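Sequence lines set the chain letters: A, B, ... in the order given, protein chains first and strands last, and positions in each chain run from 1. Being a predicted model, the structure only gives us computed values, none of them experimental.
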Amino acid sequence: MFVDLRDRYGKTQVVFTPDGGAELLAEARQLRTEFVIAVTGKVAKRPEGTINPKLDTGEIELRCRKLELLNKSLVPPFQPGTMELPGEDLRLKYRYLDLRRPDMQRTIVLRHRMIKAMRDYFDEHRFIEVETPMLGRSTPEGARDYLVPSRVHPGKFYALPQSPQLYKQILMIAGYDRYVQVARCFRDEDLRADRQPEFTQLDVEMAFVDSDDVIGIIDGLVGKLAKDILGLDVKLPLARMTYDEAMERYGHDAPDLRFGMELVDVTELAKEADFRVFKEAAANGKRVRGLNAKGAAEKYSRKGIDELTAFVMQDHGAGGLVWFKVEPDGTLASPTAKNFQPDLLKRIGEKLGAAPGDFLCFVADTFETTCKALNGLRKRLAKELKLYEPNAMHFSWVVEFPMFAYDEEEKCWAAMHHPFTAPRPQDLAMLESDPGKCRAQAYDLVVNGYEAGGGTIRIHDQGVQQQVFDLLGLSRETARDRFGFLLDALQYGAPPHGGIALGIDRCVMIFGGLDNIRDCIAFPKTQKAADLMTEAPGQVDARQLKELSIKINT
RNA sequence: GGGGGCGUAGCUCAAUUGGUUAGAGUACCGGACUGUCGAUCCGGUGGUUGCGGGUUCGAGCCCCGUCGCCCUCGCCA
């Protein structure tokens, strides 16, 4: 009789033979799946012809002399070794069973190794890890806070940190010139496949540095992680691209550079078009942009193109999708083609490098909408057309983000990053004259189309800080009320400083080749921020609420 | 808050236009076999078709509501 004995390190076959005694064999027959046992015996080479080359331990077996049942198990709702992965809700409810699966074990170990490598790297570079509070003060900017009621201050609340941003700046002012923390952060916003309400950042801050210093340190980290974890040699320094260039060439501030298929602007040509959609867009200050899916013409039927059209319209707000298939003779063909002068079509095709068999897509709309729609289209087409290797990795930087984005609803400027972000020195003058053109000392690390991290150089000058607050419509009183402690601290000898935060969960997800952040977190939450195992959030006693001076309205 | 997908045995799934007693694989239980390792063979247990209404002679299937999970837009400085 045979038993597969599994632990964290693998599986070994245990053999019970009749010559071990009838009693032992009878005991072994009582064993069931997931029982916990201790076995004493001799490890031996398997007899001729019973070696299983498919298993790491396929050449040996443990001949049992003594069996101890340490604990029984209920019949599990799914087997950790199952081929058919159960539904995710079931996996989350029985997370302890799910975590026994080799895939999950690999990811959890990968996560450990990555965090260990990060800590080692920063330790080697003289960074020190400092813990910052979880119970802090709510700052209404940015994401929604998770609030914690105070018992001793009725009606007042702590907020869980969205990030340790302010604390790490204070640490710079306090003279700890190289800080790092593996920090838990909380944001009460709607979730996505790559977002959790509570997540982990590698938080970094340095004093006496500029953008290049911070980027340089992270370059080194990326090189180490790629080498140690994936065995990859990444060429350093990592390539950099400005925000404007990223938006122009890819329509997104975190472009996936594992493949090309760049966006091409044809607004100038569109001005000449008889086709009204193009002509009017170009005339009204909008943009006409497109992309060329090389050789994809035959892969998209009329129905497939209808789906793409619905995709850019419904999901990304485009007015429509104009497309052409390039015929063997090089002409652009589609139902809309008849609205164009043939000569113009030819020039449009040339601009996109069209060759027979190519599939061209265009969107005419505002710059923002063409970005959204074509970025969405680019990613979707790349996936469907398999334009990149599944295990390809691409790291790069996007730099020089705008300082501000105009909020149309609120009719005011909003900080693109956070209100402590320093403008580029050469843009200082534009803070007053043309805030929209002002560029920040900001940098995002982009990996395979994900924003893996982002950071900035901070404002350490009281006057500049005030200018930014003014621009954001933050009154002196409000600013004082919210970040008075930081403003005070900045006046006690604050060094120039800046830093970055990397999303550890996302990094593990990308390095692990996963498409979902929950799979690299031991105990993740669902899209509605619930924990299916503990059933959090849950109700609390009336007594607890009373102590907190809280009444529930429902 | 909006759009989409899914929900049927413990698990993974099937069930023709709405039509007989809702099936299969697997798991589980019992037996046979005993060098097996995704064992095999024989037999068996197992269903509030997520929940609540409605339409119909008749609903797993259609309609309304609701709950849950996933993807996505908004949102996430």
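One finds the CZ atom of A:Arg8 at 13.5 Å from the CZ atom of A:Arg6 (value rounded to the nearest 0.5 Å). One distance of note links OG1 of A:Thr57 with CD of A:Glu61; it measures 10.5 Å at 0.5 Å rounding.
In this structure, the nucleotide among B:C73, B:C11, B:C69 sitting nearest to the side chain of A:Leu90 is B:C11. Residue A:Asp89 places its side chain closer to B:C69 than to any other of B:C69, B:U36, B:C28. Taking only side-chain atoms of A:Arg195, from C-beta outward, the nucleotide of B:C76, B:C37, B:A27 with the closest atom is B:C76. Residue A:Arg46 places its side chain closer to B:G35 than to any other of B:G38, B:G35, B:G68. In this structure, of B:C37, B:G30, B:C69, it is B:C37 that holds the atom nearest to the side chain of A:Leu55. Comparing B:G35, B:C75, B:A27 against the side chain of A:Glu189 picks out B:C75 as the nearest. Comparing B:C28, B:C76, B:U36 against the side chain of A:Gln13 picks out B:U36 as the nearest.
Look at CZ on A:Arg144: it is 7 Å from C1' on B:C75, rounded to the nearest Å. The CG-P distance, from A:Leu85 to B:G10, rounds to 19 Å in whole Å. The nearest whole Å value for the distance from the CG atom in A:Leu62 to the P atom in B:C37 is 19 Å. Straight-line distance from the CE atom of A:Met313 to the C1' atom of B:U72: 17 Å, rounded to whole Å. Taking atom CG of A:Leu97 as the reference point, atom C1' of B:A27 lies 14 Å away to the nearest angstrom. In this entry the distance linking CE of A:Met1 with C1' of B:C33 reads 14 Å, nearest Å. When rounded to the nearest whole Å, the span between CD of A:Glu307 and P of B:G3 equals 20 Å. Rounded to a whole Å, the CD atom of A:Glu88 is 16 Å from the P atom of B:G7.
Contact annotation for A:Gln79: backbone-only contact, meaning every heavy-atom pair under 4.0 Å involves sugar-phosphate atoms and none involves a base. Within the nucleic acid shown, A:Pro76 has no heavy atom closer than 4.0 Å to any nucleic acid atom. Heavy atoms of A:Leu532 sit under 4.0 angstrom from primed sugar atoms or phosphate atoms, though from no base atom. Within 4.0 Å (heavy atoms only), A:Pro86 reaches sugar-phosphate atoms of the nucleic acid but no base atom. As judged by a 4.0 angstrom heavy-atom cut-off over every strand, A:Ala414 is placed among residues making no nucleic acid contact. Within the nucleic acid shown, A:Gly87 comes within 4.0 Å of sugar-phosphate atoms alone, with no base atom in reach, counting heavy atoms only. At a threshold of 4.0 angstrom between heavy atoms, the contacts of A:Thr526 are confined to the sugar-phosphate backbone, with no base atom among them. Contact annotation for A:Asp190: base contact, defined as any heavy-atom pair under 4.0 Å involving a base atom.
For the P atom pair drawn from B:G53 and B:C13, the interatomic distance equals 29 Å after rounding to whole Å. Taking the P atom of each, B:G3 and B:G65 are spaced 11 Å apart, rounded to whole Å. Distance noted for atom C1' between B:A27 and B:G74: 43 Å (whole Å). Of the C1' atoms belonging to B:G44 and B:A9, the separation is 15 Å, rounded to the nearest Å. When the P atom is compared between B:C69 and B:U12, the two are found 16 Å apart, to the nearest whole Å. Across the P atoms, B:C67 and B:G58 are found 29 Å apart, a figure rounded to whole Å. A gap of 48 Å separates the P atoms of B:G35 and B:C70, to the nearest Å. Taking the C1' atom of each, B:G30 and B:U45 are spaced 10 Å apart, rounded to whole Å.
Between A:Thr82 and B:C11 there is no side-chain polar atom (N or O) within less than 4.0 angstrom of OP1 or OP2. An OP1 or OP2 oxygen of B:C71 is reached within less than 4.0 angstrom by a side-chain nitrogen or oxygen of A:Arg518. For the pair A:Arg192 and B:C73, the criterion of a side-chain N or O lying under 4.0 Å from OP1 or OP2 is met. Listed pair A:Arg91 / B:C11 fails the phosphate criterion, with no side-chain N or O lying under 4.0 Å from OP1 or OP2. For B:G74, the OP1/OP2 oxygens have a side-chain nitrogen or oxygen of A:Lys372 closer than 4.0 Å.
Classified by interplanar angle (parallel below 30°, tilted 30° to 60°, perpendicular above 60°), the ring pair A:Tyr94/A:Phe78 is perpendicular. In this structure, A:Phe483 and A:Phe469 have parallel ring planes: the angle between them is below the 30° cut-off, well short of the 60° mark.
Of the nucleotides present, B:U12 is the one that pairs with B:A24 by Watson-Crick or G-U wobble criteria, both distances under 3.5 Å. Remark: B:G68 base-pairs with B:C6. Criterion, Watson-Crick or G-U wobble with two distances under 3.5 Å. Across all strands shown, B:G18 has no partner, as no Watson-Crick or G-U wobble contact with both distances under 3.5 Å is found. Using the Watson-Crick or G-U wobble rule with both distances under 3.5 Å, B:C29 pairs with B:G43. Pairing for B:G58 is absent, judged as Watson-Crick or G-U wobble with the two contacts each under 3.5 Å.
Take the nearest nucleotide of RNA chain B for A:Lys11 and for A:Gln527: the residue whose nucleotide is more 5' is A:Lys11. Toward the 5' end of RNA chain B, the nearer of the two residues A:Leu191 and A:Gln314, judged by each one's closest nucleotide, is A:Gln314.
Judged by a 6.0 Å distance limit and a 45° cone about the ring axis, A:Arg187 is not positioned over the six-membered ring of A:Phe199.
Here the closest heavy-atom approach between residue A:Val39 and residue A:Cys64 is recorded as CG1-SG, 3.6 Å.
The backbone N or O of A:Asp194 lies less than 3.5 Å from a partner atom in the side chain of A:Arg506, making a donor-acceptor pair. A distance-only check finds a donor-acceptor pair linking the side chain of A:Arg46 to the backbone of A:Ile60 [under 3.5 Å].
You'll find the side chain of A:Phe401 stays beyond 4.5 Å of the side chain of A:Thr456, heavy atoms only.
Taking 3.5 Å as the limit, the base of B:C76 and the side chain of A:Arg187 contain no donor-acceptor pair of atoms between them.
Here A:Phe78 does not count as stacked on B:C11, because the ring centres are not under 5.5 angstrom apart with planes under 30°.
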